[in-house]
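Inspection log for the structure reproduced underneath, given as structure tokens.
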Amino acid sequence: MTPRSPGPSCRRAVTPGQSSWMRFFSLFCPSIQADVILLVTCSIREKAEQAIWNRLRHLSALKAWRQQQAGSPLRIGILGCMAERLKEEILHREKLVDIVAGPDAYRDLPRLLAVAESGQQAANVLLSLDETYADILPVQTSAGGTTAFVSIMRGCDNMCSYCIVPFTRGRERSRPIASILQEVRMLSDQGVKEVTLLGQNVNSFRDMSEVQFQSAAAPGLSRGFSTVYRAKPGGLRFAHLLDQVSRIDPEMRIRFTSPHPKDFPDEVLQLIQERHNICKQLHLPAQSGSTRVLEAMRRGYTREAYLELVHHVRDSIPGVSLSSDFIAGFCGETEEDHQQTVSLLQDVRYNVGFLFAYSMRETRAFHRLQDDVPAEVKQRRLQELITVFREEAARANEAMVGQCQLVLVEGPSKRSALELCGRNDGNIKVIFPDAEVEDAAGCQALARAQPGDYVLVKVTSASSQTLRGVPLRRTTLSRSAACH
Ligand code: SAM
Ligand code: SF4
């Protein structure tokens with residue numbers, strides 16, 4: 001995108017006949033500088049797609065305004081899952097869209113832009129079996145950032161009956177470990193203190209790029225879990241990756257998301273327990289507490305197997321913080337099924353939860369099941385799940401009052417410049433006064449904590465989403481681990 005010189009002053013005259021959006025842009029957005037606007041899209045729920053259709057309506061007015069005012073066209077591109085899913089519809093329904101690029105077509109963007117420059121619509125939605133963008137290191141736009149995400153795999157082979165991901169993101173493939181390690185080292189050199197490994201199923205990671213590991217046996221699944229595909233032998237697995245990544249920088253916290261609960265062999269749990277810089281925080285997406293619904297969802301486990309995994313995880317990693325995803329009102333969900341989900345939330349008591357109403361997508365459930373839970377029932381059940389989740393999370397977090405938590409400082413709190421905000425090992429937000437604190441090494445004068453510092457905070461109060469406390473001292477991740 002080439003920057004443009006700033007546009008004319010805000011006090012532009014509004015000419016008769018301009019649409020209300022044109023008038024809005026004339027008055028309030030006189031300096032739209034971009035030549036190209038690319039929207040990265042998500043298709044997982046209908047709401048996400050609806051937001052893009054709405055945005056396109058606004059952009060249509062902007063595009064017309066820009067052409068009229070600057071005499072040069074504004075190019076608009078739709079990228080990602082919605083492009084993959086709705087290519088034809090986007091191109092035909094929205095004549096203003098110039099570029100449509102699916103999740104595996106980003107390398108083709110320069111060519112697509114060139115085609116668009118010639119005045120034609122350009123599209124590429126080919127899915128790849130091996131694209132991982134391994135050789136493209138992302139540019140960090142926030143200099144001095146404390147946290148970063150690193151993509152380690154793409155796609156999904158699980159085919160849960162409600163989920164669009166396997167269709168928009170394609171087959172599961174992993175990025176070679178060497179390129180992941182290179183990126184994490186670069187982030188460490190830049191001073192980043194926390195890296196989150198990203199993927200649709202991070203713990204199904206399987207790097208097949210090194211020939212000598214291509215026939216290694218497949219690690220077992222979590223007990224009582226199954227898959228719709230046959231065990232995949234060979235490759236370097238998630239435990240190996242986690243081991244290597246966590247050795248790069250002892251002062252860098254490592255997290256990962258989103259894992260699938262089926263892929264938690266003991267060696268992964270042991271590693272998380274042993275390494276001081278791998279956060280004791282696991283996301284275990286359950287989706288439902290009813291075995292009947294889980295079967296309809298094709299999740300490959302029962303309520304009992306899931307609960308057994310939760311107990312095993314808690315035995316293996318004492319004090320682990322748990323989070324989960326739930327869907328309210330899936331096809332055929334009865335009140336009894338819903339109550340089973342309520343009771344699972346109570347039994348497990350998660351620290352963090354992501355709860356959604358079922359949104360029908362063009363998947364197996366669309367073709368074979370009936371979306372028969374009325375919208376208002378879905379919403380009511382969702383609200384009930386949110387209420388129960390919050391009550392339980394508040395209890396889980398209240399148990400931390402009086403404890404000391406190691407907080408990685410991210411910056412000033414949004415609500416008050418007199419407070420700092422950061423996260424504890426369990427990924428829960430912690431707020432504390434921005435006061436001078438001593439250094440744990442004892443060799444420095446009192447100083448204020450900065451973003452990227454680790455501060456030991458004594459928790460004084462808790463809600464379902466936030467902890468508050470008083471700072472005790474600045475320290476390091478390694479020193480803090482040695483004290484425990
Ligand atoms: N791969 C992880 C797993 O299955 O364990 C979760 C990643 S998935 C991309 C993110 C979450 O979106 C899912 O866990 C699910 O709760 C939610 N989701 C997916 N499809 C949905 C749908 N059709 N309606 C509502 N929520 C949905
Ligand atoms: Fe979607 Fe996760 Fe199921 Fe894959 S495992 S289909 S990403 S919900």
Side-chain angles (χ1 to χ4, degrees), residues 41-50 80-82 84-85 103 127 149 151-174 196-205 221-222 225-229 232 238 256-264 282-290 293-301 305-306 309-310 313 322-333 341 344-345 350 352-373 375 377-379 381-382 385-386 389:
T41 63
C42 168
S43 282
I44 200 131
R45 283 170 288 276
E46 201 184 337
K47 216 169 152 188
E49 289 189 353
Q50 201 48 55
C81 289
M82 198 172 156
E84 192 65 47
R85 203 176 88 73
L127 283 174
F149 292 98
S151 173
I152 65 162
M153 52 87 66
R154 298 175 70 80
C156 176
D157 287 348
N158 288 321
M159 293 295 200
C160 300
S161 65
Y162 52 83
C163 184
I164 197 76
V165 167
F167 304 97
T168 56
R169 291 299 187 99
R171 303 298 304 267
E172 223 168 86
R173 64 220 107 117
S174 298
T196 303
L197 307 176
L198 275 188
Q200 304 300 334
N201 290 280
V202 270
N203 51 345
S204 313
F205 181 86
L221 294 176
S222 309
F225 285 67
S226 63
T227 54
V228 291
Y229 55 81
K232 299 173 189 168
F238 188 60
F256 53 89
T257 201
S258 187
H260 191 290
K262 70 182 163 58
D263 290 310
F264 276 116
L282 285 196
H283 189 56
L284 294 181
Q287 315 299 357
S288 171
S290 153
V293 174
L294 288 169
E295 206 172 304
M297 289 176 161
R298 300 183 96 210
R299 287 290 291 176
Y301 51 88
Y306 179 87
L309 175 67
V310 168
V313 164
L322 294 183
S323 58
S324 191
D325 295 347
F326 284 95
I327 297 177
F330 183 60
C331 307
E333 185 190 76
T341 303
L344 187 73
L345 282 167
Y350 300 95
V352 177
F354 302 92
L355 302 105
F356 315 99
Y358 173 56
S359 170
M360 170 82 99
R361 316 273 65 212
E362 265 185 78
T363 60
R364 187 183 172 96
F366 171 84
H367 294 292
R368 304 199 181 192
L369 303 173
Q370 273 212 321
D371 183 16
D372 52 2
V373 179
V377 177
K378 278 183 193 164
Q379 282 308 320
R381 289 183 187 166
L382 177 63
L385 296 184
I386 292 173
F389 157 71

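Counting starts at 1 for both ligands and their atoms, following the listed order. This structure is a prediction, so every number in the text was calculated from the model and none was measured.
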- [ ] State, with a plain yes or no, whether a side-chain heavy atom of Pro285 is found less than 4.5 Å away from one of Arg299.
- [x] yes
- [ ] Note the single closest protein heavy atom to atom 23 (N) of ligand 1, along with its residue, its atom name and the distance in Å.
- [x] Ser359 O, 2.8 Å
Open item on the list: Distances under 2.8 Å only: what protein N/O/S atoms are near atom 3 (Fe) of ligand 2, ordered by chain and residue?
Closed with: Cys160 SG
Task: atom 20 (N) of ligand 1: the protein heavy-atom neighbour that sits closest, reported with distance to 0.1 Å - done: Tyr162 CD1, 3.3 Å
Open item on the list: Quick test: of every protein heavy atom, which one is nearest to atom 8 (S) of ligand 1, and how far off is it to 0.1 Å?
Closed with: Ile44 CD1, 4.0 Å
- [ ] Kindly determine whether Arg45 and Ile327 satisfy side-chain contact (heavy atoms from CB on, under 4.5 Å), including the steps that lead there.
- [x] CA-CA 11 Å; Arg45 283 170 288 276; Ile327 297 177; over 6 Å; no
- [ ] Compare all side-chain heavy atoms of Ser290 with those of Glu333 and state whether any distance is below 4.5 angstrom.
- [x] no
Task: Closest protein heavy atom to atom 17 (C) of ligand 1, given as residue, atom name and distance to 0.1 Å - done: Arg45 NH1, 3.3 Å
TODO: With heavy atoms only and a cut-off of under 4.0 Å, state how Arg361 meets ligand 1: side chain, backbone, both or neither.
DONE: side chain
Task: Which of the ligand 1 atoms, numbered from 1, are nearer than 4.0 Å to a heavy atom of Asn201 - done: 1 (N)
Open item on the list: For Gln50, is the CD atom crowded, meaning more than 12 foreign heavy atoms sit under 6.0 Å from it?
Closed with: yes
Open item on the list: How far is atom 14 (O) of ligand 1 from the closest protein heavy atom, and which atom is that?
Closed with: Asp325 OD2, 2.5 Å
TODO: Could you walk me through whether Phe356 and Tyr162 pass the ring-ring contact (aromatic ring centres under 6.0 Å, His included) test, one step at a time?
DONE: CA-CA 12 Å; Phe356 315 99; Tyr162 52 83; 10.0 Å; no
TODO: Please identify each residue that fulfils ring pair (Phe, Tyr, Trp, His ring centres under 6.0 Å) with Phe389, with sequence neighbours left out.
DONE: none
- [ ] List every atom of ligand 1 that sits less than 4.0 Å from any heavy atom of Val165, numbering the atoms from 1 in the order shown and giving each element.
- [x] 9 (C)
Open item on the list: Check the orientation of Phe330 and Tyr358. Use parallel for under 30°, tilted for 30 to 60°, and perpendicular for over 60°.
Closed with: perpendicular
Open item on the list: Under a 3.5 Å distance rule, please check whether Ser222 uses its side chain to pair with a backbone N or O of Phe264 as donor and acceptor.
Closed with: yes
TODO: Under 4.0 Å, heavy atoms only, figure out whether ligand 1 is touched by the backbone of Phe356, its side chain, both or neither.
DONE: side chain
Open item on the list: Residue-level breakdown please: for Ala357 versus ligand 1, do any non-hydrogen atoms fall below 4.0 Å on the side chain, on the backbone, on both, or on neither?
Closed with: backbone
Open item on the list: Considering non-hydrogen atoms of the protein only, which is the closest contact for atom 1 (N) of ligand 1, and what is the distance?
Closed with: Gln200 O, 2.8 Å
Task: Sidechain-backbone polar pair: Arg154 side chain, Pro103 backbone, donor-acceptor under 3.5 Å - done: yes
TODO: Applying side-chain hydrogen bond (donor to acceptor under 3.5 Å, both in side chains), name anything that partners Lys232, two or more places apart in sequence or on another chain.
DONE: Asp157
TODO: Could you establish whether Arg299 and ligand 1 come within less than 4.0 Å of each other, counting only heavy atoms on the residue side?
DONE: yes
- [ ] Determine whether Leu221 and Thr227 make a side-chain contact, defined as any pair of heavy atoms from C-beta on separated by less than 4.5 Å.
- [x] yes
Task: Listed partners of Phe354 passing ring pair (Phe, Tyr, Trp, His ring centres under 6.0 Å), at least two apart - done: His283
TODO: Return the residue, atom name and 0.1 Å-rounded distance of the protein heavy atom closest to atom 16 (O) of ligand 1.
DONE: Gln287 OE1, 2.7 Å
Task: Proximity flag Ser258 to ligand 1, non-hydrogen atoms under 4.0 Å - done: yes
Open item on the list: For Phe256 and Phe205, I'd like to know if the aromatic rings sit close, meaning centre-to-centre distance below 6.0 Å.
Closed with: no
- [ ] Would you please determine whether Pro259 falls within less than 4.0 Å of ligand 1 on a heavy-atom basis?
- [x] yes
